[in-house]
Amino acid sequence: MSDYIAPVRDTHFVIHETLEAQNMETPGYDELDRDFTHDVLNAAARIAKEVFAPLNRIGDQAGCRLDNGVVRTPPGFANAIAELRSGGWFGLEGSAEYGGQEMPCLLGIAAGEYFASANMSLSMYNGLTQGAIKTIESHGTEEQKRAYLPKLNAGSWFATMNLTEPHCGTDLGLLKSAATPLGNGNYSISGEKIFISSGDHDLSENIVHLLLAKIPGGPEGSRGISLFIVPKFQISGDGSLGSRNGISVSRIESKMGIKGNATCALRYEDSIGQLLGEEHGGLRAMFTMMNAARLHVGLQGYAVAEAAYQSAAAYAGDRLQGRAISGAKYPRLPADPIIVHPDVRRNLLDQKSFVEGARALALWCATLIDREMRGGDRRSAGLVSLLTPVIKGFLTDKGFETAVAAQQVFGGHGYIEDLDASQRVRDARITMIYEGANGVQALDLVGRKLAANGGESVGILVEKMKNFAESGSGESWYRDEVLAPLANAACDLECAAAWLAEESSNDPDSCLAGSYDFMHLAGYACTGFMWAKMARAAANALSDGRMDEMFLRAKIITGRHYMSRHLPATRLHLRRIQMGGKNIMALPDDAFQAQL
């Protein structure tokens, strides 16, 4: 088992060399000088390595337990959270007016990766709290903001998201939880929620549940859903904690992975809550939290993959097996390390090229979020909306695939629990499921996001890619091996979007049959766009004699690998999309069952 080391140098390269964030006109970015960014990243890296990572295996083995109605987290988790709290990490992006530090989303994403890589289960307690902060900031009353945000930003209170019920997940219009007005601005909440990450624990003074429920007499279906703030402990007029609310833990789910996080079934019985946002406007308000959570889950996808890749690369450099086909590379050893073998190197380079490309894509999206939230940029808002399902769906699909590929490097040792390879696979698997399963993300992308504003956002995205590809600058290898593949991918993305737009009115089933392929096509194209930017930045830095030469040359080689071996997948997905859904929809429902 290798020690996790946060990729600070790579993050710094993306922020300052590739994206050149310090030169952006986004409000607050003028403070992002290299020294400041480096200090923040190093501080997060230290906590990830020294505090979070040592508890990763402990959390997996010990799990959480229900003790007299209270969930107990694994040993050491409380001390780790205390260190996060003392460092002000909970309020990193929060408004200064309510105790936050108002740092850009860009730094929040960068630091969040390190924490999730080191210990995904532990990092989740903080992750959902960040989404709640954004939701209350956006939709809460001034009284609610002053009551909850300072405590959430300080990390003394945590938060959860309560959507799913035993009989409904994606189709929230079916939910049964009820909120009865009490006439004093409060509501009595009753119902049952399941799969609630961080649903109960012993890590904070209070837990603030953001819960969807229906007010009796409201519209049917999803139009009748409202959002409520329901704290574990009620809050007195002076801000102190009062009696415990009517919330109980029915069980802790027994899961495949993320065992250090308490995934709970919660029962609400005459719990006291407050309306958050407008009556019957719950979905619109909750989407603020859901979109933040989906981006965070996309981050988890490549964060776990990064940790898995680091372990695999270290193992490949140590494990002795056979000799290189071209002759012994380490003749003084009884055998060569397996990293000399072409297929192992191919596997590792696949992992490396995904993780580094995914990191750049997530950080680029963070700059768009900052431009939207800090500068009110409408075009950036449209791109964020378009990219959110791509980042959630594509990065978690490929993140899990990368964790499995890393496990393969270990051979039989990757299948047993002595090392961390199997835990990475088990932890990564949930990212494809929660916060909206990836099939739902694809449907949302094609069914809603693609056509928004007349397809403006996908047009902007394609234009950005084409303009970059047509710049034609750089050496011949860059034009032929990087820009030309990017231009092809941009054309595939444009063709797919146009085909789906036309088919959506002619045959909706055929259109949506290609939604998953479109999500992946867009993911490959966007990651290729980032690799084109990174390869150019690395070549420029190498020419100028800046940064470490080995790092820069490795960046270029890795980029060329992605563009030649992975980016051509856009053509495959385009062809699949254009096949339509004739065969998919033709098979009778009962024919999917075993024919005995």
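What's counted below: heavy atoms across the whole structure, side chains too, no hydrogens, waters or symmetry copies.
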Do [X] and [Y] come close enough that some side-chain heavy atom pair is under 4.5 Å?
X    : Y    : value
F90  : Q130 : yes
L542 : E549 : yes
S248 : L266 : no
Y516 : D397 : yes
M547 : E17  : yes
P166 : E192 : yes
R34  : H12  : yes
P104 : L107 : yes

[X]/[Y] ion pair, N-O < 4.0 Å:
X    : Y    : result
D517 : R576 : yes
E83  : R46  : yes
K232 : D200 : yes
K259 : D427 : no
D60  : R426 : yes
E356 : R359 : no
E306 : K352 : no

Under the side-chain contact (heavy atoms from CB on, under 4.5 Å) rule, what do Q407 and R424 come out as? Steps first, then yes or no, please. CA-CA 8 Å; Q407 183 186 39; R424 302 296 185 190; over 6 Å; no

Rounded distance [0.5 Å steps], [atom1] in [X] versus [atom2] in [Y]:
X    : Y    : atom1 : atom2 : result
C264 : L66  : SG    : CG    : 7.5 Å
I369 : N291 : CD1   : CG    : 9.0 Å
I109 : E93  : CD1   : CD    : 7.0 Å
S311 : D420 : OG    : CG    : 3.5 Å
I258 : M124 : CD1   : CE    : 4.0 Å

Is the backbone of W157 close enough, under 3.5 Å, to the side chain of S204 for a donor and an acceptor to pair up by distance? no

Where the side chain of N438 meets the backbone of F394, is there a donor-acceptor pair that is under 3.5 Å apart? no

Are [X] and [Y] near enough that their ring centres are under 6.0 Å apart?
X    : Y    : result
Y4   : F52  : no
Y562 : F354 : no
Y125 : H201 : yes

So with a 6.0 Å cut-off around CZ of R345, is the heavy-atom count from everything else above 12? no

Under a 3.5 Å threshold, yes or no: a donor from one side chain and an acceptor from the other, between [X] and [Y]?
X    : Y    : result
N162 : T160 : yes
N347 : Q408 : no
T11  : Y114 : yes
H566 : D350 : yes
T263 : K255 : yes
D492 : T570 : yes

Using the ring of each side chain (for Trp, its six-membered ring), is Y315 parallel, tilted or perpendicular to F410, with breaks at 30° and 60°? tilted

Determine the interplanar angle of the F13 and F551 rings, folded into 0 to 90°, and report it as parallel if under 30°, tilted if 30 to 60°, perpendicular if over 60°. perpendicular

Picking from M161, M289, Q300, what satisfies side chain to side chain contact (heavy atoms under 4.5 Å, CB included) with E435? M161

Pair L387-W364, side-chain contact (heavy atoms from CB on, under 4.5 Å): steps then yes or no: CA-CA 10 Å; L387 290 172; W364 178 53; 3.7 Å; yes

